[in-house]
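Notes for the one structure printed next.
Throughout, protein chains are lettered first and strands after them, A, B, ... in sequence-line order, and every chain is numbered starting at 1.
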Protein chains: 2
Amino acid sequence: MPKPVVPEEKRRRRRPTRSGTVLSESLIVETALRLLREHGSAGLSARRLGLALDCDPSTLYRYFRGMDDLTLAIGDALVGQALRGWGPTGSWRADLRTVGLRIHAAYVAHPQAALVTANRVTGRPHELAADEAVLDVLRRAGFPPADTVRIYHAFIDQTLAFATLDAASLALPSAALSADDAMWRSTYARLPAATHPRIAEAAPLLATRMVTSAYPTALDMLLDSAAAQLAALGERTD
Amino acid sequence: MPKPVVPEEKRRRRRPTRSGTVLSESLIVETALRLLREHGSAGLSARRLGLALDCDPSTLYRYFRGMDDLTLAIGDALVGQALRGWGPTGSWRADLRTVGLRIHAAYVAHPQAALVTANRVTGRPHELAADEAVLDVLRRAGFPPADTVRIYHAFIDQTLAFATLDAASLALPSAALSADDAMWRSTYARLPAATHPRIAEAAPLLATRMVTSAYPTALDMLLDSAAAQLAALGERTD
DNA sequence: GCCTTATGCCAACACCATTGACCTTATACG
DNA sequence: CGTATAAGGTCAATGGTGTTGGCATAAGGC
């Protein structure tokens, strides 16, 4: 029975697969990312993954408890690659801005993977490291614990929420199945002004603006508010 | 072959199913919503839906092109029920706030359904009506077309993004499969201060705050910014 | 060089969406 | 009022999915 999954660091015997390739947690995750990119967000399956790795699908259950566990690992890989090589500079506002944009960019760079792993709390190492980093930046900036947690909450939720939303709009049109993109041209752009005057009026502007992300604007607004709060705190203690 | 889907308004002959119930598009969508609530976001399938409606699964393909088409209909039903009975009051800021909170609330009220239909542009009637309403509120408030579209974009994306995020955190714990909620208690709450001091320090505050939504705060910040822009516009033309 | 056991493989199970052919019955029209 | 028509419900089959129990084998510690 394949139940007791051996964690990566405990692995000793690396028996090669029939065709000679040696499996590992990271190799599986990377291959899954490739499959997602090539075949769309619905193109990841145990069978296809086994085919790509040239191993039996059931072998994957030696590394992950199930496909759900695998998707969590994929999500953590995204966070890890977002913050790889990053370190705090000392300017809390610049740091938070960079972290937010990096996470957002990592998701948007792998839209199909982002869709699969969206909105999940993985509790895996890279996610924990990111949370710790954001909390540390805020505390060092001078925010008391309560404000730190409140701002952290808004910051991380807004980042993940926009990352998912933007990833979705990038992933769906490329998938041949869904015609969300065509919807814009076929439905919105040719609505009669009689029934939908505002949409008809705005159609050209909408077409150019809706393809960009509103995240940077929202992020800066959040940081504005945080800076104002910090200033108010400083005045009171002075 | 069940290909040519007849739209609801063209239906004439309503032949009852084997057990006597008469199908309709809305009945199917309502039943799907119930199934989603009862069996979680993965519990919606053509077979189960057929079982609940006491009809053959293939019958559904007379009403929808496929499960994807059905999920779009579910999403539009959510938007429709969010704005049912709503009308503009004349105060653009209050109106936008109400619309945002209503849509957010409708998603959060059906978290499993929200997850399934999340991040999709349906192009269906209720969605079009909501877009038209938001654009109309902004234009009547005095925003020029360009600002209207920019604010509309930020507003609608922020609302949908947070709605999806919050729905996800509500839907997942109830699903017996995923242990995202347990993750908070099992992993975050008992992280050693040696490796993750900031998380350990903030754990109690995090536990109480992370269960609420950050959307209202973010929404008010967006409306603040919009109000400031409108005021600046007014000064210039005076 | 042996023994243990981690780990890859096989076969099978239960579920899923989707489709083509068939049949039945509600309606439209003569 | 009767009959033709086709909308729409049903059946059966196809090829996909995740997952698991049992088995075989080779890697590594001794």
Without placing hydrogens or testing angles, list every side-chain donor-acceptor pair under 3.5 Å for residues 27-35 of chain A, not counting sequence neighbours.
residue, atom, partner, partner atom, Å
A:T31, OG1, A:L27, O, 2.7

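- Across the protein-nucleic acid pair, B:L60 atom CG and C:dC16 atom P stand 13 Å apart, rounded to whole Å.
- In this structure, CG of A:L53 is placed 10 Å from P of C:dC9, rounded to the nearest angstrom.
- In terms of the side chain to side chain donor-acceptor pair (under 3.5 Å) criterion, B:R102 has no residue partners (sequence neighbours excluded).
- Looking at residues two or more places apart in sequence or on another chain, you find a side chain to side chain donor-acceptor pair (under 3.5 Å) between A:D157 and A:H153.
- Rounded to an integer number of Å, the gap from B:L51 CG to C:dA17 P is 12 Å.
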Would you tabulate the pairs of protein nitrogen or oxygen atoms and nucleotide nitrogen or oxygen atoms of nucleotides 12-17 of chain D closer than 3.5 angstrom?
residue, atom, partner, partner atom, Å
D:dT17, OP1, A:S45, OG, 3.0

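- Remark: A:D69 engages A:R65, A:R124 in a salt bridge (charged side-chain N to carboxylate O under 4.0 Å, His left out) (not counting sequence neighbours).
- When each of C:dA17, C:dG8, D:dG9 is scored by its nearest atom to the side-chain atoms of B:R62, the top-ranked nucleotide is D:dG9.
- Between B:Y61 atom OH and C:dC22 atom P the separation is 21 Å, expressed in whole Å.
- Take B:E201 and apply the salt bridge (charged side-chain N to carboxylate O under 4.0 Å, His left out) test, not counting sequence neighbours, and it matches A:R139.
- In this entry the distance linking CG of B:L49 with P of C:dA17 reads 9 Å, nearest Å.
- Proximity of A:Y63 to the phosphate of C:dG8: a side-chain N or O atom is located under 4.0 Å from OP1 or OP2.
- In this structure, B:L27 places its CG atom 15 Å from C1' of D:dG8, rounding to the nearest Å.
- Counting to the nearest Å, the P atom of D:dT20 and the CZ atom of A:R65 are 12 Å from each other.
- In this structure, CZ of B:F64 is placed 16 Å from C1' of D:dG9, rounded to the nearest angstrom.
- Each of A:T164, A:D166, A:T159, A:L160 was evaluated against A:F162; a single residue qualifies, A:D166, per the side chain to side chain contact (heavy atoms under 4.5 Å, CB included) test.
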